[in-house]
Participant: 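The structure follows.
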Amino acid sequence: MTNRKRLRTSRRTATAAKSDFFDDLPDDLVVFILCKLSSSASSPSDLINVLITCKRLNRYGLHSLVLSKAGPGAFAIKAKNWSDSAHRFLKLCVSAGNIEACYTLGMIRFYCLQNRGGGASLMAKAAMRCHTRALYSLAVIQFNGSGGSKKVKDLRAGVALCARAGGLGHIDALRELGHCLQDGYGVRQNVSEGRRLIVQANARELALVITSATWRAHQYQHFYACLTGLVSCPLLSDFGCNVPGPEVHPANRFMREWFGSGRRLEGVGLRMCSHVGCGRPETRPHEFRRCSVCGTVNYCSRGCQALDWKLRHKVQCKPIERWLGVDGGGGGEGVEGGEGENMVVE
């Protein structure tokens with residue numbers, strides 16, 4: 001009898017040793033955990049490391065629900081690592097209904113892969129689900145006539161898209177709309193309302209930065225730099241606060257890396273937006289607006305110009321005579337730049 005009990009005990013111990021607690025977890029709990037991971041991933045490797053762990057995680061990691069919850073960090077692919085596998089992964093996320101993947105792949109296709117129609121349709125798919133960046137990017141395309149000739153510009157459509165994105169809280173779209181109202185660009189001129197929207201955009205920008213996790217660290221570092229004389233305390237906000245630049249979206253970072261060397265810009269005389277956080281290239285010569293004072297920088301939108309003016313160009317801009325005769329940039333249309341302190345021409 002004692003030997004029989006020992007035999008049963010040894011069998012139970014062996015069975016418990018062979019079993020894995022992970023295998024006992026319910027499938028829906030595993031999917032829920034993976035959804036949380038994909039939505040909070042800071043880089044694609046966070047998700048890839050899980051997929052290569054075991055067959056079960058690989059199967060559920062590619063579940064449509066997990067892919068639909070993936071956040072921008074999961075799509076932060078470096079341009080040098082772009083491959084068919086990365087393209088397939090983004091398409092899987094698009095098929096799963098991930099609007100962030102729609103926007104990211106749409107930007108890559110439109111600007112980098114020269115697939116204008118496919119890229120615009122993906123961004124439109126994200127815009128229909130109230131993705132503010134997609135709405136604003138489509139507005140920039142309409143303002144510039146990107147992918148076509150200058151005649152295909154639709155200023156009214158650009159203003160309408162900016163109004164929609166601004167109403168949903170997109171700061172650059174709100175600032176762009178304010179400048180359009182001030183200048184009567186694509187809409188009836190209303191200087192006071194335009195100025196109100198610009199001030200509102202600046203207030204939202206400041207509030208967003210103050211509530212971010214990096215604000216206190218930035219304030220301490222900047223205060224120390226001011227005390228030691230390392231910086232001259234430039235005011236990067238209309239409200240007298242030195243604020244860090246906004247975080248660059250993975251799609252913009254990808255384009256910046258893709259076109260960074262200048263070797264992949266197809267066409268003669270094509271330039272990139274001078275704002276370091278943008279990455280958009282011209283799709284035809286002289287598409288972007290250029291600074292009318294120095295003529296050395298150009299921008300795809302007033303939003304990019306306002307940010308770059310605050311971050312760096314304000315201290316770099318110096319008048320250069322007769323630059324309009326260079327590069328065929330003359331005869332353009334004047335547009336107020338920055339926060340009303342600079343001018344650009346088209």
Side-chain angles (χ1 to χ4, degrees), residues 132-133 135-146 150 153-209 234-241 243 245-246 273-275 277-278 280 286-295 297-317 319 324 329-346:
T132 56
R133 289 183 181 272
L135 285 165
Y136 181 61
S137 294
L138 289 174
V140 172
I141 291 174
Q142 295 294 338
F143 281 134
N144 295 325
S146 301
K150 188 176 181 179
K153 290 182 178 182
D154 192 340
L155 304 185
R156 290 186 178 181
V159 170
L161 288 165
C162 275
R164 177 61 174 160
L168 293 172
H170 195 278
I171 295 172
D172 289 341
L174 193 64
R175 183 179 286 118
E176 190 90 15
L177 181 62
H179 282 294
C180 288
L181 285 169
Q182 273 193 329
D183 305 334
Y185 190 70
V187 68
R188 181 178 296 178
Q189 189 175 22
N190 189 334
V191 178
S192 60
E193 179 65 14
R195 184 58 191 168
R196 186 188 69 81
L197 291 178
I198 293 174
V199 172
Q200 184 179 351
N202 292 332
R204 288 188 182 183
E205 179 185 49
L206 183 59
L208 183 65
V209 172
L235 296 180
L236 301 184
S237 168
D238 285 357
F239 296 93
C241 297
V243 298
C273 179
S274 297
H275 175 42
C278 178
R280 289 182 179 88
H286 316 306
E287 177 182 338
F288 293 163
R289 301 175 182 90
R290 185 164 52 178
C291 179
S292 64
V293 177
C294 65
V297 294
N298 43 267
Y299 303 102
C300 67
S301 63
R302 290 170 174 81
C304 282
Q305 185 192 7
L307 286 173
D308 194 58
W309 176 258
K310 292 179 180 181
L311 293 173
R312 68 180 186 93
H313 191 54
K314 186 175 183 179
V315 297
Q316 298 175 353
C317 188
L324 288 174
E333 178 182 0
V335 183
E336 187 173 347
E339 298 301 329
E341 299 144 304
N342 202 350
M343 300 286 286
V344 291
V345 298
E346 198 171 48

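Values in this document were obtained by computation on a predicted structure and should not be read as measured data. We count residues from 1, following the sequence as given. Keep in mind that the numbers below use all heavy atoms, side chains included, and drop hydrogens, waters and symmetry copies.
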Participant: How would you list, by chain and number, every residue that makes a side-chain contact (heavy atoms from CB on, under 4.5 Å) with R156, sequence neighbours excluded?
Facilitator: D154
Participant: Hey, are the side chains of H313 and C294 touching, using non-hydrogen atoms and a 4.5 Å cut-off?
Facilitator: yes
Participant: Got H170 and L135 here, is their nearest side-chain heavy-atom distance under 4.5 Å?
Facilitator: no
Participant: Between NZ of K153 and CD of E287, what distance do you get to the nearest 0.5 Å?
Facilitator: 8.0 Å
Participant: Flag this pair as yes if the NZ/CZ of R164 is under 6.0 angstrom from the six-membered ring centre of Y136 and inside a 45 degree cone about the axis; otherwise no.
Facilitator: no
Participant: Is there a side-chain contact between S301 and F288, using heavy atoms and a 4.5 Å cut-off?
Facilitator: no
Participant: Are C162 and C180 close enough that some pair of their side-chain heavy atoms sits under 4.5 Å apart?
Facilitator: no
Participant: Between atom OH of Y299 and atom NE2 of H275, what is the distance when rounded to the nearest 0.5 Å?
Facilitator: 9.0 Å
Participant: So do the side chains of S274 and R312 get within less than 4.5 Å of each other, counting heavy atoms only?
Facilitator: yes
Participant: Can you check whether V140's main-chain N or O pairs, donor with acceptor, with N144's side chain at less than 3.5 Å?
Facilitator: yes
Participant: Between Q182 (side chain) and G194 (backbone), is there a donor-acceptor pair under 3.5 Å?
Facilitator: no
Participant: Is the shortest heavy-atom distance from the side chain of F143 to the side chain of V159 under 4.5 Å?
Facilitator: yes
Participant: Using a strict 4.0 Å threshold on nitrogen-to-oxygen distance, state whether E205 and R175 make a salt bridge.
Facilitator: yes
Participant: Grab the two heavy atoms, one from R302 and one from E176, that are nearest each other, plus how far apart they are.
Facilitator: N-OE1, 3.0 Å
Participant: Enter the distance from C278:SG to D308:CG here, rounded to the nearest 0.5 Å.
Facilitator: 10.0 Å
Participant: With rounding to the nearest 0.5 angstrom, report the OG1 to CD1 distance, T132 to I171.
Facilitator: 10.0 Å
Participant: Do L155 and Q142 come within less than 4.5 Å of each other through their side chains, counting heavy atoms only?
Facilitator: no
Participant: Applying side-chain hydrogen bond (donor to acceptor under 3.5 Å, both in side chains), can you list everything that pairs with Q189, at least two apart in sequence or on another chain?
Facilitator: none
Participant: How far does CG of L168 sit from CG of L174, to the nearest 0.5 angstrom?
Facilitator: 11.0 Å
Participant: Tell me yes or no: between the side chains of S146 and R280, is some donor less than 3.5 Å from an acceptor?
Facilitator: no
Participant: Given side chains that start at C-beta, do those of C291 and N298 come closer than 4.5 Å, heavy atoms only?
Facilitator: no
Participant: Is D172 salt-bridged to R133, going by a charged N under 4.0 Å from an acidic O?
Facilitator: no
